[in-house]
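Read the structure below first, then the notes.
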2 protein chains.
Amino acid sequence: MDRQQMARLLCSHGVRPTQQRLSVYEYLLGHPIHPSVDTVYEAVSVDQPTFSRTTVYNTLHALVQAGLVRELPLCSEERRYDAGLTPHAHFRCVACGCIKDVPLAQDTVTSLLPDGGETLAGCMVQGQELSLSGLCAACSADHEV
Amino acid sequence: MDRQQMARLLCSHGVRPTQQRLSVYEYLLGHPIHPSVDTVYEAVSVDQPTFSRTTVYNTLHALVQAGLVRELPLCSEERRYDAGLTPHAHFRCVACGCIKDVPLAQDTVTSLLPDGGETLAGCMVQGQELSLSGLCAACSADHEV
DNA sequence: TTCCTTATTTGTAATGATTACAAATATATA
DNA sequence: TATATATTTGTAATCATTACAAATAAGGAA
């Protein structure tokens, strides 16, 4: 997706496509590593040294609000973000902290819930996230040694 | 569960049953409201005014480490804890912040994953958490008005 | 019980992520 | 171009969590 397409996408979601917002969104799309605020900040600062950390916060909030980016509830020390919107779960290694995507078939999560997840004792379910934790391949190998 | 049974349970999980730890665990078991550290601290401080906030942190870490308490990855501003170990998901209202339990049949989550969740591209899955978000019954009613 | 060793608790200080805020800047519209 | 509005910036404040060392409590041995 080029920058112009991104701009249109942001517009259609009610987010004004400023240079800074495009930079952040472009980084998220191009680096599906579930980066923290600081990782994003360091990356976009390389080309634009006056980029403000506050702008990264503001932009991520705006993109999450618009539904273009997910904030991952992985309950670590810092928040992680993901611009990938295809349904997938996340696995977090408790040893090294790495986060891996786990593909899921569409609707597998909602299928677990009554009414297909539409309602839930009167609640309106809007978002869902399946988080797994444990030892990644590398770390579990280390443990065996 | 009385305090003596709790003490035995803690012992069997390698956690020395001190007065403070029993108080925290008793509070969690008796108040399945997914309390924050501060909520626990305020509660146990009523009877024991010298209870330290640090002890609440230490105790929750110890109980989580021992597998007696779950730390909920709901990605809010503060961590929430749950002593209920029966498999269930959590629904968090984005408007009021309330957290509700969502019952799940045993193994429904792991059944979504390859190999029943045992392995995952070489990863050892140890924990799992299904988080839902949206508007609770009360808040969605408010929205309609 | 008393002594001794070790683990835990306490309270304060430090850390680090996030937010508040106001001035400066950019953007969109007329 | 001029004007109004939204965004960005940088600093300061906030708040949850952690680090740390002294004080205290718990458990075992004599």
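In what follows, every chain begins at residue 1, and chains take the letters A, B, ... in the order their sequences are listed. The figures that follow rest on heavy atoms only: side chains count, while hydrogens, waters and symmetry mates do not.
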Distance, rounded to the nearest Å, where [X] contributes [atom1] and [N] contributes [atom2]:
X: B:Arg80; N: D:dT17; atom1: CZ; atom2: C1'; answer: 16 Å
X: B:Asp38; N: D:dC15; atom1: CG; atom2: P; answer: 11 Å
X: B:Tyr41; N: D:dC15; atom1: OH; atom2: P; answer: 16 Å
X: A:Phe51; N: D:dT7; atom1: CZ; atom2: P; answer: 14 Å
X: A:Arg79; N: D:dA16; atom1: CZ; atom2: P; answer: 12 Å

For residues 6-15 of chain A, which side-chain donor-acceptor pairs fall under 3.5 Å, sequence neighbours excluded?
{"residue": "A:Ser12", "atom": "OG", "partner": "A:Arg8", "partner atom": "O", "Å": "3.4"}
{"residue": "A:Ser12", "atom": "OG", "partner": "A:Leu9", "partner atom": "O", "Å": "2.8"}
{"residue": "A:His13", "atom": "ND1", "partner": "A:Leu9", "partner atom": "O", "Å": "3.0"}

Mind checking if A:Asn58 touches a base, just sugar-phosphate, or nothing, with heavy atoms under 4.0 Å?
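Touches a base.
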Counting any heavy atom closer than 4.0 Å, what does B:Ser36 reach on the DNA or RNA strands: base, sugar-phosphate only, or nothing?
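Since no nucleic acid heavy atom lies under 4.0 Å of B:Ser36, the category is nothing.
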So, is B:His61 near the phosphate of D:dT17, with a side-chain N or O under 4.0 Å from OP1 or OP2?
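Answer is no, no contact under 4.0 Å.
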Is there side-chain contact between A:Tyr81 and A:Leu72, with heavy atoms separated by less than 4.5 Å?
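No - every pair of side-chain heavy atoms lies 4.5 Å or more apart.
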From CA spacing to verdict: side-chain contact (heavy atoms from CB on, under 4.5 Å), B:Leu130, A:Glu129:
CA-CA 6 Å; B:Leu130 176 58; A:Glu129 170 71 24; over 6 Å; no
Would you mind writing out the side-chain donor-acceptor pairs for residues 42-49 of chain B within the sub-3.5 Å range, not counting sequence neighbours?
{"residue": "B:Ser45", "atom": "OG", "partner": "B:Tyr41", "partner atom": "O", "Å": "2.6"}
{"residue": "B:Gln48", "atom": "NE2", "partner": "B:Ser23", "partner atom": "OG", "Å": "3.1"}

Distance under 4.0 Å to a non-hydrogen atom of chain B counts as contact; along DNA chain C, which nucleotides mark the start and end?
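So the outermost contacting nucleotides come out as C:dA7 to C:dT12.
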Charged N to carboxylate O below 4.0 Å: is that the case for A:Glu71 and A:Arg80?
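A:Arg80 and A:Glu71: not salt-bridged.
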In this structure, are over 12 heavy atoms from other groups packed under 6.0 Å from A:Gln4 atom CD?
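Incorrect, the count does not exceed 12.
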Is the number of heavy atoms from other residues, nucleotides or ligands within 6.0 Å of CD (B:Gln126) greater than 12?
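More than 12 within 6.0 Å, yes.
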Closest-nucleotide ordering on DNA chain C, the 5'-leading residue of A:Tyr57 and B:Pro49:
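Its nearest nucleotide being more 5', the pick is B:Pro49.
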Under a 4.0 Å heavy-atom cut-off, which of residues 2-18 of chain B touch DNA chain C?
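The stretch gives B:Arg16, B:Thr18 as the residues lying under 4.0 Å from the strand, ordered by number.
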With the 4.5 Å side-chain cut-off for hydrophobic clustering, are A:Val94 and B:Val69 part of the same group?
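No: no chain of side-chain contacts under 4.5 Å links A:Val94 to B:Val69.
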Qualifying residues under salt bridge (Lys or Arg N to Asp or Glu O under 4.0 Å), relative to A:Asp101, sequence neighbours excluded
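If we apply the salt bridge (Lys or Arg N to Asp or Glu O under 4.0 Å) test to A:Asp101, skipping adjacent residues, there are no hits.
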Taking the side chain from A:Arg21 and the backbone from A:Arg16, do they hold a donor-acceptor pair closer than 3.5 Å?
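Present.
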Tell me if a side-chain donor or acceptor on A:Thr59 pairs with a main-chain N or O of A:Thr55 at a distance below 3.5 Å.
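Side chain of A:Thr59 to backbone of A:Thr55, a donor-acceptor pair under 3.5 Å: yes, one is there.
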Bending between helix ends of the helix from C:dT1-D:dA30 to C:dA30-D:dT1 [5 pairs per end, 10° resolution]
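That helix gives 30° between its end axes.
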